[in-house]
Amino acid sequence: MNRVFKEEKQTGQAILVRQPRDIDACDGLIIPGGESTTISRILVNSGMHEVIRKRMSQKNIALMGTCAGCVLLARQLTDSKADVRLLEAMDMQIERNAFGRQKESCERSIAIKGFSTLYTAVFIRAPVITKIWGACEILATAGKEIVMARQDNYLALSFHPELTDDLRIHRYFLEML
Amino acid sequence: MNEFDISKLRHGTDLIKKGFSKMQKGGVIMDVTTAEQAKIAEKSGAVAVMALERVPADIRAHGGVARMADPTIIKQIIDTVSIPVMAKARIGHFVEAQALEALGVDMIDESEVLTPADPFYHIDKRVFTIPFVCGCRNLGEATRRIWEGAAMIRTKGEAGTGNIIEAVRHQRMVTGMIRTLKTMQNAQVQNVAEGYCQNYVTSFKTLTNQDADDKTVVFGSYTYSTLKKEMFEVLKETKELQRLPVVNFAAGGIATPADAALMMQLGNDGVFVGSGIFKSKNPEKRAKAIVEAVAHFDEPAKIAEVSKNLGDAMLGIEISTIPKEQLLQERGW
């Protein structure tokens with residue numbers, strides 16, 4: 001993200017957020033990949049979950065969730081028993097680990113709305129968006145599966161833009177701030 | 001997912017394997033022996049579980065040959081939790097690794113905790129679709145494992161002891177040597193790389209009673225000249241990054257939240273906890289405390305807070321009381 005700030009000649013800085021007070025300095029928040037159960041636990045226990053929800057109600061924060069982060073932005077999961085507390089930012093339903101286990105993880109070229117050329121997406125034990133409604137808009141699919149969506153200034157991706165050098169998604173998020 | 005055009009998918013690439021490891025960063029991976037323990041680990045915030053038949057402390061006590069776990073146990077654990085499931089194969093036992101991959105395990109630990117199967121070679125990890133983690137005591141072992149295709153490294157420590165000293169030793173050995181690389185010219189780094197290749201050459205000599213030259217195939221399908229070139233590349237990247245080019249966890253002896261935070265402050269990216277959790281008085285509370293300690297490793301007040309009232313930690317073993325031939329860290333090269 002810092003590379004994008006530099007290339008776009010924008011003032012701004014990406015910082016690592018580990019405590020609720022770190023969020024106060026941010027206009028946007030990227031919730032990265034990892035395990036959604038673990039990240040959810042850390043968000044709730046540290047008080048960050050509450051702070052993000054408050055900023056959402058004040059409509060003054062942009063959010064991007066990748067993979068596990070995408071799960072957390074959803075309003076509901078297909079597996080209602082999962083031990084994950086959602087941020088309920090977007091009108092979408094998510095299936096966790098929808099591609100199966102690690103041996104099914106893959107790289108794949110996808111078309112993203114508004115991008116002139118294909119984008120190589122890295123799916124690692126990735127979730128998919130099984131359903132959207134309301135103001136939620138589909139930005140990309142892989143086959144019939146929805147893998148990228150936007151609602152207001154919230155962006156959800158089931159893949160990992162942080163693992164490749166293609167910075168178009170980072171730029172796209174910067175424009176949302 | 002039947003509508004996927006399979007021809008356009010690329011599975012098991014280096015990026016996918018290393019990406020998977022990166023997703024574990026900042027997390028705790030816990031040894032579990034039953035589905036019930038796996039559930040507790042997941043609930044406590046583990047990023048993954050290691051499915052085993054016995055934790056290292058019990059392997060040590062049990063003696064005999066330690067092998068891959070019964071697939072029934074692994075499958076039960078896979079079916080119980082949504083976090084990744086890892087399992088251990090013996091050093092060099094590529095058929096155990098094939099079986100684990102077929103079972104749907106997400107990552108294989110080629111582990112010195114089990115009895116080694118091959119006196120000459122570790123597994124050629126590049127031919128697998130799923131990623132591997134391997135142990136190391138120093139930069140040489142780490143570099144060889146990365147070259148062989150490991151997507152994650154863990155410092156070996158001394159498993160099943162509840163004693164952190166060996167984990168600290170190995171992490172300091174790795175980081176110390178990485179700092180030394182910084183002061184070296186490329187020609188010197190090349191010499192170090194060639195030194196790291198000698199184990200493969202020795203194996204070749206022992207097996208064939210012949211000397212190896214540049215064209216000799218010394219490991220998998222790789223010639224000695226390729227080996228030297230690529231070993232140098234791994235070291236050069238390590239020198240430039242001033243860290244290992246893959247995720248590096250701590251393992252072998254972590255018993256308390258402070259132990260876990262110590263390893264994080266020494267530069268590890270996360271921790272494996274084996275016997276430390278389910279050999280303690282209150283596994284669930286200790287598991288949660290270690291997860292918190294890793295997430296907040298540089299906040300002393302937090303470490304103090306989560307260390308309160310955990311009940312007895314595992315008793316632990318003084319390393320000098322273990323006969324040298326029973327040290328697990330000596331296995332592999």
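Numbers restart at 1 for each chain; the letters A, B, ... are given by sequence-line order, proteins then strands.
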Rounded to the nearest 0.5 Å, how far apart are [atom1] of [X] and [atom2] of [Y]?
X      : Y     : atom1 : atom2 : value
A:S105 : B:L15 : OG    : CG    : 11.0 Å
A:H160 : B:F20 : NE2   : CZ    : 10.5 Å
A:I124 : B:K22 : CD1   : NZ    : 9.0 Å

Can you confirm whether [X] sits close enough to [Y] that some side-chain heavy atom of one is under 4.5 Å from a side-chain heavy atom of the other?
X      : Y      : result
A:R96  : B:S82  : yes
B:V81  : A:T37  : no
B:K288 : A:R41  : yes
A:C106 : B:H11  : yes
B:T129 : A:E104 : no

Next on the checklist: Is B:A46 close to chain A through its backbone or its side chain, or both, or neither, when contacts mean heavy atoms under 4.5 Å?
Outcome noted: backbone
For chain A, find which of [options] contributes the most heavy-atom pairs closer than 4.5 angstrom.
options                     : result
B:V105, B:V291, B:I78       : B:I78
B:A48, B:G12, B:P131, B:G26 : B:P131
B:I16, B:V28, B:I130        : B:I16

Next on the checklist: Can you tell me which portion of A:L163 sits under 4.5 Å from chain B's heavy atoms? Options are side chain, backbone, both or neither.
Outcome noted: both
Item to check | Under 4.5 Å from any heavy atom of chain B - which part of A:T120 | outcome: side chain
Checklist entry - Do you know which of A:T38, A:T164, A:N45, A:I39 has the most heavy-atom pairs under 4.5 Å to chain B? => result A:T38
Next on the checklist: Are more than 12 heavy atoms, taken from residues, nucleotides or ligands other than A:E8, located less than 6.0 Å from that residue's CD atom?
Outcome noted: yes
Checklist entry - How about A:R171: does its CZ atom have over 12 heavy atoms from other parts shown lying under 6.0 Å from it? => result yes
Next on the checklist: Using a 3.5 Å distance criterion without hydrogens, assess whether the side chain of A:K103 forms a donor-acceptor pair with backbone atoms of B:E101.
Outcome noted: yes
Checklist entry - Does B:R10 count as lying over the ring of A:F123, i.e. NZ or CZ under 6.0 Å from the six-ring centre, within 45 degrees of the axis? => result no
Item to check | Lys/Arg-Asp/Glu bridge criterion (N-O < 4.0 Å) met for A:D83, B:K39 | outcome: no
Checklist outcome for this item: When A:R101, A:Q102, A:E35 are each screened for side-chain contact (heavy atoms from CB on, under 4.5 Å) with B:P84, the one that passes is A:E35
